[in-house]
Enquirer: 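My questions will all concern the structure given below.
As the structure is a computational prediction, the values presented were derived from the model and not from experiment. No hydrogens, no waters, no symmetry mates; every other heavy atom, side chains included, goes into these values.
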Amino acid sequence: MQIGYKLAAEAFGPAELVRQAVLAEQAGFDFVEISDHYHPWLDNQGHSPFAWTVLGGIAAKTSRIGLATGVTCPTVRYHPAIVAQAAATLALLSDGRFVLGVGSGERLNEHVVGVGFPDAVSTRHEMLREALEIIRLLWSGGYRSYDGKHLRLEDARVFDLPEELPLIAVAASGGASTRIAAELGDGLFANEDKPEIVRQYRDAGGDGPCYAEVPMARAPDERTAAKAALDTSRWAVTGWKVMSLPNPVNFDAATSTVREEDILAKFACGTDPARYVEVAQQFVDAGFDRLVMQNAGPDPDGFIDFYQRELAGRIAGLKPGGDHA
C-alpha cells in the first residue's frame, strides 16, 4: 500500500502547489499526484497552472516523494510525442520518481486547441490506444514514425531517455478502458470505489498497481468541511455523465442541485479519523493499493498535519475486508 496526496491544481497557484508537495514529503506521503487541466472545474476555484512546470519545480525541491500526473490526456491538447518527451525528461529530473497517469480526457480541457473533441467514447479509446503505442515506440529509442487512424508521428526521436522508463497508469471506468490499461499500461487509475473496475483490469491481464482518489474534506466540523467541498468540488459526486461539458460555467450549472448531504455521503468530512478510515477502506476493499488523499477542505496545511497525526498509520495499514470502524 502506498499513500499519495492530491495537489489540487484547480484551487492553488504553482508556487503554492510546490510548497504543498514539500510539506507532503515531510509528512511522509509516498507520492503526490497533480491533475493536468487547462481550466478548473469551477470558476470559483480560480487556478489551473501548467502541471508539467509545477512537477519540474517539485522534482527540484524534493528528494524522496514520488510524482504523478492524474491524469494527462495525450491525444488532443498534447500530441503523444510531446508527452513522451515530457515524461522522459521529468523521470530524469526526478531520479526515477515519476509515474505517467494518462486518460482519454475531458472536453473541458481538450477543446481549447480548436481541433475538436470526439463525442464517441469508442473514438476516444481508439485515440488513447494509438497515443500509448506512440509513447512506447518513442521510448524504445531511435527515430520512429507511426501512421494510425487518428494520430501520426513522423521521423521523431526522444534523445534523453531514462534507463528505467516511467510506469504508465491508465485511467479506466469500464471494460473497454480497463482492457487498454491492461494491454498498454503498467497500472490502473480510477476515482470510483467500484470493485468491478479492478476486477476487469485483472481479468484482462493487468498486474500493476491500482491508483484511486479518495474524497476527503478536512475542517473543524463536518458541515464546514461539506460546505467547502460543495463550493469547489461538487462535480465529484456527479459521475462521468457531465464530463462532456466544455467550460467551468457549464459545470456550475450542471451541479447546482448537489447538496451538502450528497457531499457528506461521499466524502470523509470533519475531523473524525474513523470516517476517513471508513471511506478509504471502501477503496481498499475494491482492490486499490495506491490511495490518493484528495482533500477538498479549506486548509491544506491543516489536512496534511491531520493526516500525519491521525491518519497515516491507520490508512497505510488497511487490508481488504478490514474493519471499517
Side-chain angles (χ1 to χ4, degrees), residues 1-4 30-31 33 36 66-75 80-81 83-84 87-88 91 96-105 118 120-141 144 146-151 153 158 161-214 239-240 243 281-292 318-321:
M1 178 74 70
Q2 291 186 14
I3 309 299
D30 296 302
F31 64 96
E33 175 224 307
D36 187 356
L67 317 174
T69 49
V71 293
T72 288
C73 175
T75 61
V83 175
R97 291 183 281 143
F98 178 61
V99 171
L100 175 61
V102 298
S104 57
V121 174
S122 59
T123 301
R124 298 200 295 272
H125 286 165
E126 288 175 355
M127 294 175 70
L128 181 59
R129 277 187 174 274
E130 291 187 3
L132 289 169
E133 289 173 354
I134 288 172
I135 291 170
R136 296 290 192 193
L137 188 64
L138 286 167
W139 283 358
S140 69
R144 301 292 180 174
Y146 181 97
D147 189 12
K149 179 180 177 181
H150 305 283
L151 299 170
L153 182 73
V158 176
L161 288 172
E163 290 186 10
E164 183 175 351
L165 295 168
L167 180 150
I168 300 178
V170 180
S173 59
S177 49
T178 53
R179 285 192 295 274
I180 296 173
E183 294 167 14
L184 292 170
D186 306 301
L188 177 74
F189 187 100
N191 59 10
E192 298 177 285
D193 58 348
K194 295 180 178 179
E196 59 265 30
I197 297 176
V198 177
R199 184 173 63 251
Q200 289 169 346
Y201 171 67
R202 300 298 186 202
D203 289 346
D207 59 1
C210 295
Y211 292 78
E213 296 178 343
V214 183
W240 289 103
M243 292 303 169
Q281 182 73 59
Q282 294 167 9
F283 288 86
V284 175
D285 288 344
F288 294 97
D289 54 10
R290 302 288 189 273
L291 302 187
V292 184
L318 293 178
K319 304 291 183 184

Enquirer: Would you call the rings of Phe189 and Tyr211 parallel, tilted or perpendicular, where under 30° means parallel and over 60° means perpendicular?
Expert: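 Geometry flag for Tyr211 against Phe189: parallel rings.
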Enquirer: Please check this pair: side chain of Glu130 against backbone of Leu151, looking for a donor-acceptor N/O pair closer than 3.5 Å.
Expert: yes
Enquirer: Does a side-chain heavy-atom distance below 4.5 Å link His150 with Thr123?
Expert: yes
Enquirer: Ignoring hydrogens and angles, tell me if any N or O in the side chain of Asp30 forms a donor-acceptor pair with the backbone of Ile3 under 3.5 Å.
Expert: yes
Enquirer: Using modelled atom types only, decide if a donor and an acceptor are shared between the side chain of Thr72 and the backbone of Thr69 within a distance under 3.5 Å.
Expert: no
Enquirer: How close do Leu138 and Arg144 get, counting heavy atoms only, and between which atoms?
Expert: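 That would be CD2-CB, 4.2 Å.
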Enquirer: Measure the shortest side-chain to side-chain distance between Arg199 and Arg202 over non-hydrogen atoms and say whether it is less than 4.5 angstrom.
Expert: no
Enquirer: State whether the side chain of Glu192 and the backbone N or O of Ile197 hold a donor-acceptor pair below 3.5 Å, judged by distance alone.
Expert: no
Enquirer: Val170 and side-chain contact (heavy atoms from CB on, under 4.5 Å): which single residue from Leu128, Asp186, Val71 fits?
Expert: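 Only one option passes, and that is Leu128.
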Enquirer: For Ala91, is there any backbone N or O sitting under 3.5 Å from a side-chain donor or acceptor partner on Arg97?
Expert: no
Enquirer: Within the structure provided, determine whether Phe98 and Pro162 are in side-chain contact (heavy-atom separation under 4.5 Å).
Expert: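 No, every pair of side-chain atoms sits at 4.5 Å or beyond.
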Enquirer: With heavy-atom distances below 4.5 Å as the criterion, would you say the side chains of Ile135 and Pro74 are in contact?
Expert: yes
Enquirer: Could you tell me whether a side-chain N or O of Gln200 sits under 3.5 Å from a main-chain N or O of Gly175, the two making a donor and an acceptor?
Expert: yes
Enquirer: Got a donor-acceptor contact below 3.5 angstrom from the Arg124 side chain to the Pro118 backbone?
Expert: yes
Enquirer: Decide yes or no for Leu100 and Leu167: does some side-chain heavy atom of the first lie under 4.5 Å from some side-chain heavy atom of the second?
Expert: no
Enquirer: Does the distance from a Lys or Arg side-chain N to an Asp or Glu carboxylate O, for Glu126 and Lys149, drop under 4.0 Å?
Expert: yes
